[in-house]
Amino acid sequence: MKLASSILLAAALLASPAVAQTEDKAISTTISLGTATPGGGFPLYGNAFAEVMNAADPQLTIAPRNTKGSNENIPLLEKGELDLALVAGEPAYEAFAGISRAPVRLKILTAIYSNPGMFVVRADSPYKTIRDLVGQPVAFGAKGSGLPILARYVLDGLGLRQDEDFKAIYLDRAGDGPAMVEDGRVAALWDAGIGWPGFAAVASSASGARFIAPSADEIARIRAKHSFLKPLTVPAGSYPNQSEPIASLGSWSFVLTREDLPDDIAYRLAKTLHGVEPTFCKKLAQACETTAANTVAAAPKPELLHPGVAKYFREIGVVK
C-alpha cells in the first residue's frame with residue numbers, strides 16, 4: 001500500500017503543469033506554455049521565448065505546446081492545464097471584462113508585442129481598400145485564435161459584418177493562409193503584428209504583396225466605437241519590399257498565467273525575462289517590444305499584473 005501510494009503521488013506530481021524537483025539543493029521548475037497552431041506568430045514567439053529563458057536560467061524549463069490559439073488557451077489556463085499561455089489582446093480584453101462570459105481571474109506575466117491589424121493581398125490584385133474586399137473570400141486567421149476577433153471589432157467599427165459582408169474563411173492552421181493568397185483561393189489574408197510569418201511569406205512570394213489597413217478616417221471611426229483599440233504603426237521594412245510605414249490599429253498580446261501560479265515562480269520568470277531583454281530582441285525582432293515598461297503601459301489595469309511580477313516591477317522602479 002505504501003509503494004502504491006508513492007507511485008500515485010509521483011504520477012500526480014508529473015501530471016501537474018509546473019513541477020519542482022529538488023536535487024543537490026537546486027530547484028528545477030518546468031513551466032508549460034500554450035502557443036497556437038503551427039505557422040503563426042505565437043509559436044514563433046513562444047519557441048524563441050522558451051529558448052532564451054531556458055538558456056538564461058538552467059533550473060528553468062519552459063515547455064512550449066501548440067494549441068488552437070487564444071480561445072483555447074484561456075480555458076486551459078482556467079482549468080490549470082497550462083501554466084502560461086499567449087493570448088491576443090482582444091480575447092484578453094473580453095475575458096478580463098467578462099464579455100459573453102464570467103470575468104477571468106488570470107494574471108499578466110508580460111505584454112509581448114503590439115498587433116496592428118491589416119490585410120495582405122497579392123501585389124497584382126485589384127483590391128486597394130477594405131471596402132474593395134466586400135463580397136470576396138477572405139481568410140481571417142486560424143480557428144480559435146484572437147485574430148478573427150480583432151477583425152470583427154475593426155470591421156464592426158466600419159459598419160461591416162465579418163461573416164455576412166465577406167466570404168469568411170477560418171483556417172485549421174495559420175500557416176495555410178499565404179498559399180491561399182498566392183493561388184487565388186482567397187482574395188486577402190487578415191492578420192496582425194510585426195514580423196508575422198504569414199505576411200512575410202506573401203511579401204516574399206513571386207507575386208509580391210500589398211497591405212491594406214484602415215485609412216486615417218476609418219481608424220477614427222473604429223476608435224469612436226471601440227476605444228480600447230489603439231493606433232499602432234508597422235514600421236517600414238517590417239516585411240520584404242515594404243518601404244513605407246503602415247498606420248493601423250490594434251492592441252497588445254500577452255503572456256497570461258493561471259490564477260494560482262505561485263508568486264515566487266512569477267517573480268523568477270519576470271526577473272529572468274527582463275534581465276535578457278537585449279538578447280531576446282536580437283533573437284526575434286518582435287520581441288524587442290517585450291519590455292517591463294511596455295507591460296505596465298499595456299496592462300488594462302495594474303491589478304491584472306501577477307503579484308510576483310508586480311513585486312519585481314516595484315524593485316526595478318517601473319511601478320510604485
Without swapping roles, check the side chain of [X] against the backbone of [Y] for a donor-acceptor pair under 3.5 Å.
X: Glu218; Y: Ser215; result: yes
X: Arg258; Y: Lys79; result: no
X: Ser227; Y: Arg223; result: no
X: Thr37; Y: Ala174; result: yes

Quiz prompt | Enclosure of Lys167 NZ (heavy-atom neighbours >12, cutoff 6.0 Å) | solution = no
Exercise. Count the heavy atoms belonging to other residues, nucleotides or ligands that lie under 6.0 Å from CD of Glu51, then report whether that count exceeds 12.
Key: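 It does not: Glu51 CD has 12 such atoms or fewer within range.
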Kindly write out the residues that satisfy salt bridge (charged side-chain N to carboxylate O under 4.0 Å, His left out) with [X], not counting sequence neighbours, or none if the list is empty.
X: Lys128; answer: none
X: Arg65; answer: none
X: Glu277; answer: none
X: Arg185; answer: Asp183

Restricting to non-hydrogen atoms, name the atom on [X] and the atom on [Y] that form the minimum distance, rounded to 0.1 Å.
X: Met180; Y: Leu171; value: SD-CD2, 3.5 Å
X: Pro300; Y: Ile108; value: CD-CD1, 4.0 Å
X: Gly41; Y: Trp196; value: N-NE1, 3.2 Å
X: Pro137; Y: Ile169; value: CB-CD1, 4.2 Å
X: Leu60; Y: Asn54; value: O-OD1, 3.2 Å
X: Asn294; Y: Ala111; value: O-CB, 4.1 Å

Exercise. Return each pair, listed once, that meets side chain to side chain donor-acceptor pair (under 3.5 Å) where at least one residue sits in residues 240-251; pairs must be two or more places apart or across chains.
Key: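 Sorted pair list: Glu90-Ser251.
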Can [Y] be reached from [X] by stepping across I, L, V, M, F, W or Y side chains whose heavy atoms are under 4.5 Å apart?
X: Trp252; Y: Ile246; result: no
X: Ile149; Y: Ile219; result: yes
X: Leu158; Y: Leu229; result: yes
X: Leu44; Y: Ile194; result: no
X: Phe96; Y: Ile99; result: no

Counting C-beta onward and ignoring hydrogens, is there a side-chain heavy-atom pair between [X] and [Y] closer than 4.5 Å?
X: Leu155; Y: Ile130; value: yes
X: Pro43; Y: Asn66; value: yes
X: His226; Y: Val154; value: no
X: Val181; Y: Val186; value: yes
X: Pro214; Y: Ile222; value: yes
X: Phe42; Y: Ser253; value: yes
X: Thr29; Y: Arg268; value: yes
X: Val202; Y: Glu182; value: no

Self-check item: Donor-acceptor pair between Thr67 and Asn73 side chains, under 3.5 angstrom
Solution: yes
Quiz item: Which of these, Thr257, Ile62, Thr110, sits in a side-chain contact (heavy atoms from CB on, under 4.5 Å) with Leu269?
Solution: Ile62
Distance, nearest 0.5 Å, that separates [atom1] of [X] from [atom2] of [Y]:
X: His306; Y: Leu106; atom1: NE2; atom2: CG; answer: 10.5 Å
X: Ile112; Y: Phe49; atom1: CD1; atom2: CZ; answer: 9.0 Å
X: Leu261; Y: Leu256; atom1: CG; atom2: CG; answer: 11.5 Å
X: Asn115; Y: Leu232; atom1: CG; atom2: CG; answer: 8.0 Å
X: Asp83; Y: Ile31; atom1: CG; atom2: CD1; answer: 4.5 Å
X: Met118; Y: Leu189; atom1: CE; atom2: CG; answer: 10.5 Å

Exercise. Output, in order, the C-alpha distance, side-chain angles, deciding distance and verdict of side chain to side chain contact (heavy atoms under 4.5 Å, CB included) for Val255 and Thr290.
Key: CA-CA 10 Å; Val255 176; Thr290 305; over 6 Å; no
Return the set of residues passing ring-ring contact (aromatic ring centres under 6.0 Å, His included) with [X] (not counting sequence neighbours), or none when no residue passes.
X: Phe313; result: His274
X: Phe140; result: Phe166
X: Tyr239; result: Phe199, Phe211
X: Phe228; result: Tyr93, Tyr153

Quiz item: Tell me, which pairs form a salt bridge (Lys or Arg N to Asp or Glu O under 4.0 Å) where one or both residues lie in residues 93-121, sequence neighbours left out?
Solution: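 Applying salt bridge (Lys or Arg N to Asp or Glu O under 4.0 Å) to every pair that reaches into residues 93-121, excluding sequence neighbours, yields Glu78-Arg101, Glu94-Arg152, Arg105-Glu259.
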Practice problem: Write out all pairs satisfying salt bridge (Lys or Arg N to Asp or Glu O under 4.0 Å) with one or both partners inside residues 298-320, taking only residues at least two apart or from two chains. | Solution: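 Residue pairs with at least one partner in residues 298-320: there are none.
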Exercise. Begin from the C-alpha positions of Leu86 and Phe254 and carry the test side chain to side chain contact (heavy atoms under 4.5 Å, CB included) through to its verdict.
Key: CA-CA 6 Å; Leu86 279 65; Phe254 298 98; over 6 Å; no
Practice problem: Kindly state each residue pair satisfying ring-ring contact (aromatic ring centres under 6.0 Å, His included) with at least one member in residues 105-126, sequence neighbours excluded. | Solution: Tyr45-Tyr113, Phe119-Trp190
